[in-house]
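Worksheet: one structure, shown below.
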Amino acid sequence: MRWSNLFVPTLREPPADAEAANHKLLIRGGFIRQLHSGHYSLLPLGLRVHEKVAAIVRREMDAIGGQEFLLPAMHPAEVWKKSGRWHAVGEEMFRLVDRKGADNVLGMTHEEIFTDVAQEITSYRSLPQIWYQIQWKFRDEPRPKSGLLRVREFAMKDSYSFDIDEAGLDRSFDVHHDAYVRIFAALGLPAIPVEASSGAMGGSGSTEFMVPSSAGEDDIALCGNCGYAANVERAKARLSVVEDRDLSELARFPTPGVRTIADLETIEGGASAVHQIKTMVMVLDGEVTLALLRGDHELEIQKLADFTGAADVRPATAQETLQHLGANPGSLGAVHVDGLRVVCDPALEGRRGLTTGANEDDWHWSGVDIARDVAVDEWADLRRVQADEPCQNCGTPLEIVRCIEAGHIFKLGTKYSDALGASVLDPNGNQKPLVMGSYGIGIGRNVAAVAEIHHDDKGLLWPLNVAPFEVVITIVNTKDDASAAAGESLYNDLRSAGVDVLLDDRDARAGVKFADAELIGVPYRVTVGPRALADGDVELTSRATGDTTRVGVDSIAALLVDTVNRERG
RNA sequence: CGGGACGUGGCGCAGCUCGGUAGCGCACCUGCUUUGGGAGCAGGGGGUCGCUGGUUCAAAUCCAGUCGUCCCGACCA
């Protein structure tokens with residue numbers, strides 16, 4: 001490709017509303033342009049990177065026996081109604097009505113559609129199957145953000161495994177896990193597999209691949225010693241031991257103006273946070289529920305959702321709280337509360353001498369004995385792990401690390417095959433529902449993640465695997481005939497050797513060309529100019545290290561072919 | 001959905017307080033000079049000032065509404 005013919009609208013300044021590094025650099029480098037919130041056009045450079053990421057994913061999926069499909073992006077509502085997700089998903093799904101008045105959706109994922117196809121698998125002898133596609137998903141995100149990291153329309157590699165039993169699913173899950181490890185390694189992403197919540201997808205377990213980055217949106221708990229890693233939506237930690245206070249008598253006491261745990265710590269007759277009960281009033285699919293935690297702990301809403309299976313979990317409004325408990329936040333508690341579901345964190349199990357709200361404004365209880373005074377319906381781990389809490393395995397203080405969710409794999413079980421009637425005959429002639437897994441990698445998000453991880457103050461620093469070009473030949477002065485001829489000759493040699501090479505033949509000043517090459521992040525730059533050419537040399541500069549070496553005109557092509565082949569991996 | 005900010009040529013911004021018919025830098029076009037780290041000089045093209053309505057002799061500027069975008073919190077590849 002010749003730069004003089006390529007559309008690469010580089011900018012010296014990023015748009016004012018770009019915040020994330022990947023966003024700024026992909027815009028500045030002429031890779032993407034925004035059409036609309038959450039919808040980006042891929043320009044030629046952006047598409048090249050996108051396709052290279054997709055090619056790596058495709059290669060690894062093929063390597064584990066995946067078969068590539070391409071399913072429709074638009075689906076009839078019926079199939080989503082069969083699985084129950086037409087109602088379960090809510091506003092995240094784009095829905096539209098066709099001319100016949102029929103409901104349709106733009107696919108946000110494809111469990112239903114692949115399972116529909118899988119109805120034609122009839123025998124256990126055909127199993128296992130791994131099916132995948134790289135295809136566009138549509139999700140009406142409440143808040144698209146950070147360039148390509150979170151958008152409403154994006155290419156995703158989604159794959160689905162079909163097995164006869166759980167053991168088969170475990171194997172399919174494991175080969176996907178390993179394939180994902182290889183994919184992220186090839187992309188130069190230091191992804192950490194972590195235990196995750198499977199959320200609305202359903203199923204028995206899931207693993208997320210998390211790339212540490214401040215641009216991310218998820219927190220994981222990480223043990224630097226034993227390697228324990230889990231999304232905070234699931235993470236556990238050892239509980240610090242608390243000695244109960246010697247207060248066995250339940251007593252009401254006035255707490256004028258007390259609204260927070262901290263207030264209650266300092267007021268006369270109050271208690272330190274570890275001796276308080278935090279009462280969170282939540283609404284689970286319309287049912288008002290009390291979630292109880294130790295005063296110094298925080299509620300992890302996803303844990304509550306996972307435990308209860310509720311699809312919609314939200315804090316109660318002020319009116320709901322007042323209506324059901326008779327008091328405002330700050331004076332709430334579960335003592336002697338009847339008729340509301342009470343879910344309690346194990347950190348409160350067996351605790352006594354506690355202090356909590358009395359469900360009357362400006363009054364609290366002291367001397368609360370959980371077992372005696374609170375009608376707990378269910379016990380469930382509800383607390384969000386905090387930094388420096390001891391690892392449950394080895395006791396080392398946990399780190400909380402902000403991450404980009406680069407991939408997510410799920411064990412689905414038979415949720416979709418049951419709903420859609422996808423079953424096979426087992427060796428004994430019995431109908432068995434297919435045991436399924438589903439596995440996703442967002443292609444554009446991974447482009448963004450690589451950009452987020454690999455850049456410096458001059459621009460992008462693509463790993464060779466995904467760089468829009470592997471080599472750029474910068475002709476310092478195109479009016480110098482010898483330079484132009486040498487550049488053209490090298491360009492032809494590299495092209496015929498299969499190197500992805502860009503010839504910067506623009507009639508521009510050298511500084512402009514150098515700056516652009518660095519901005520778009522081409523791993524190797526060959527500078528062809530009269531200075532080195534006088535000695536029969538060109539200069540080879542590594543984008544990653546900035547190191548420049550002189551190489552003879554006669555040997556540069558072979559050296560680059562060699563280098564590129566080695567780094568392609 | 002709650003909170004905050006912002007919409008003026010492709011990008012970055014000024015102008016708005018105090019209404020008078022739009023300006024700067026980058027980018028772009030032409031010419032000359034220049035040519036190893038974002039050149040210089042001269043000339044030039046491009047903007048319904050997000051949209052709608054209102055106030056006014058007159059609106060980028062004041063008022064109301066509306067749409068959109070971004071950021072922070074609740075959601076997910």
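Of the P atoms belonging to B:G46 and B:U30, the separation is 16 Å, rounded to the nearest Å. The same atom, P, is picked in B:G45 and in B:C24; the two are 13 Å apart, to the nearest Å. Straight-line distance between the C1' atoms of B:G7 and B:G12: roughly 14 Å, to the nearest whole Å. Here the separation of B:U21 from B:A59, taken at their C1' atoms, is 10 Å to the nearest Å. Taking atom C1' in both B:C29 and B:C13, the straight-line distance is 23 Å, to the nearest Å. The gap from the P atom of B:G50 to that of B:U8 amounts to 6 Å, rounded to the nearest Å. Between the C1' atoms of B:A5 and B:G44, the separation comes to 37 Å (whole Å). B:G19 and B:A60: their C1' atoms are spaced 10 Å apart (whole Å).
Atom NZ of A:K236 has 12 or fewer neighbouring heavy atoms from other residues, nucleotides or ligands inside a 6.0 Å radius.
Of all nucleotides present, none satisfies the Watson-Crick or G-U wobble test against B:C49 with each distance under 3.5 Å. B:C41 is paired with B:G31 under the Watson-Crick or G-U wobble criterion, all donor-acceptor distances under 3.5 Å. In this structure, B:A77 makes no Watson-Crick or G-U wobble pair, since no nucleotide meets both defining distances under 3.5 angstrom. Pairing for B:C26 goes to B:G10, judged as Watson-Crick or G-U wobble with the two contacts each under 3.5 Å. Under the Watson-Crick or G-U wobble criterion, with both distances below 3.5 Å, B:G20 is paired with B:C57. Base pairing annotation: B:U69 forms a Watson-Crick or G-U wobble pair with B:A5, both donor-acceptor distances under 3.5 Å.
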side-chain contact (heavy atoms from CB on, under 4.5 Å) between A:R139 and A:T109: does it pass, once the steps are laid out?
-> CA-CA 9 Å; A:R139 297 185 185 178; A:T109 174; 4.0 Å; yes

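A donor-acceptor distance shorter than 3.5 angstrom exists from the side chain of A:R33 to the backbone of A:I27, with no hydrogens or angles considered. The closest donor-acceptor contact from the side chain of A:S83 to the backbone of A:R85 lies under 3.5 Å. Between the side chain of A:R152 and the backbone N or O of A:E141 there is no donor-acceptor pair closer than 3.5 Å. In this structure a side-chain-to-backbone donor-acceptor pair under 3.5 Å is missing from A:D140 to A:M93.
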At a cut-off of 3.5 Å, list every protein nitrogen or oxygen paired with a nitrogen or oxygen from nucleotides 34-36 of chain B, distance to 0.1 Å.
| residue | atom | partner | partner atom | Å |
| --- | --- | --- | --- | --- |
| B:U34 | O2 | A:R509 | NH1 | 3.0 |
| B:U35 | O2' | A:N477 | ND2 | 3.2 |
| B:U35 | O4 | A:K479 | NZ | 3.2 |
| B:G36 | O2' | A:R531 | NH1 | 2.6 |
| B:G36 | O6 | A:G529 | O | 3.1 |
| B:G36 | O6 | A:R531 | N | 3.2 |
| B:G36 | O6 | A:A532 | N | 3.4 |
| B:G36 | N1 | A:E539 | OE1 | 2.6 |
| B:G36 | N2 | A:E539 | OE1 | 3.1 |
| B:G36 | N2 | A:E539 | OE2 | 2.7 |
| B:G36 | N3 | A:R531 | NH2 | 3.4 |

Between the protein and nucleotides 7-15 of chain B, list the N/O to N/O atom pairs that are separated by less than 3.5 angstrom.
| residue | atom | partner | partner atom | Å |
| --- | --- | --- | --- | --- |
| B:C11 | O2' | A:E13 | O | 3.0 |
| B:G12 | OP1 | A:A16 | N | 2.6 |
| B:G12 | O2' | A:E13 | OE1 | 3.0 |

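A:E233 comes within contact range of no nucleotide atom at all, as no heavy-atom separation falls under 4.0 Å. The residue A:D516 sits close to a base: some heavy atom pair falls under 4.0 Å. Within 4.0 Å (heavy atoms only), A:T478 reaches no atom of the nucleic acid at all. Looking at heavy-atom distances under 4.0 Å, A:R314 makes no contact with the nucleic acid at all. Counting non-hydrogen atoms under 4.0 angstrom, A:I301 reaches the backbone sugars and phosphates but no base. Among the heavy atoms of the strands, none lies under 4.0 Å from A:D158. As judged by a 4.0 angstrom heavy-atom cut-off over every strand, A:V89 is placed among residues making no nucleic acid contact.
Looking only at atom types and distance, the side chain of A:E68 has no donor-acceptor partner in the side chain of A:Q133 under 3.5 Å away.
For the pair A:D457 CG and B:G38 P, the interatomic distance rounds to 16 Å; values are reported in whole Å. Residue A:K137 contributes atom NZ, which lies 11 Å from atom P of B:A77 at whole-angstrom precision. Atom CD of A:E141 is separated from atom C1' of B:U69 by 17 Å (rounded to the nearest Å). One interatomic measurement links the two molecules: CG of A:D285 to P of B:C75, which rounds to 13 Å at whole-angstrom precision. As rounded to whole Å, 17 Å separates atom P of B:A77 from atom CZ of A:F138. When the C1' atom of B:A74 is taken as reference, atom CG of A:D312 falls 11 Å away, rounded to whole Å. When rounded to the nearest whole Å, the span between CZ of A:R150 and C1' of B:G73 equals 14 Å. Rounded to whole angstrom, the span from the CG atom of A:L304 across to the P atom of B:A74 amounts to 15 Å.
RNA chain B is contacted by both A:G442 and A:T541; A:T541 maps to the nucleotide lying nearer its 5′ end (nearest heavy atom per residue). Take the nearest nucleotide of RNA chain B for A:I409 and for A:T10: the residue whose nucleotide is more 5' is A:T10.
The distance between the ring centers of A:Y160 and A:W131 does not fall below 6.0 angstrom. The ring of A:W3 has its center no closer than 6.0 angstrom to the ring center of A:F469. Not less than 6.0 angstrom separates the ring centroid of A:Y439 from the ring centroid of A:H177.
Taking 3.5 Å as the limit, the base of B:C75 and the side chain of A:R143 contain no donor-acceptor pair of atoms between them.
We find the CD1-NE2 distance between A:I261 and A:H297 to be 11.0 Å, quoted to the nearest 0.5 Å. The distance from atom CD1 of A:I453 to atom CG of A:L460, rounded to the nearest 0.5 Å, is 12.5 Å.
A sub-4.0 Å separation between OP1 or OP2 of B:A74 and a side-chain N or O of A:Q302 is absent. The side chain of A:K145 contributes an N or O atom lying less than 4.0 Å from OP1 or OP2 of B:C72. The shortest distance between the side-chain N/O atoms of A:H36 and the OP1/OP2 oxygens of B:G68 is not below 4.0 Å.
Residue A:D537 forms a side chain to side chain contact (heavy atoms under 4.5 Å, CB included) with just one option from A:L533, A:D535, A:L540, and that option is A:D535.
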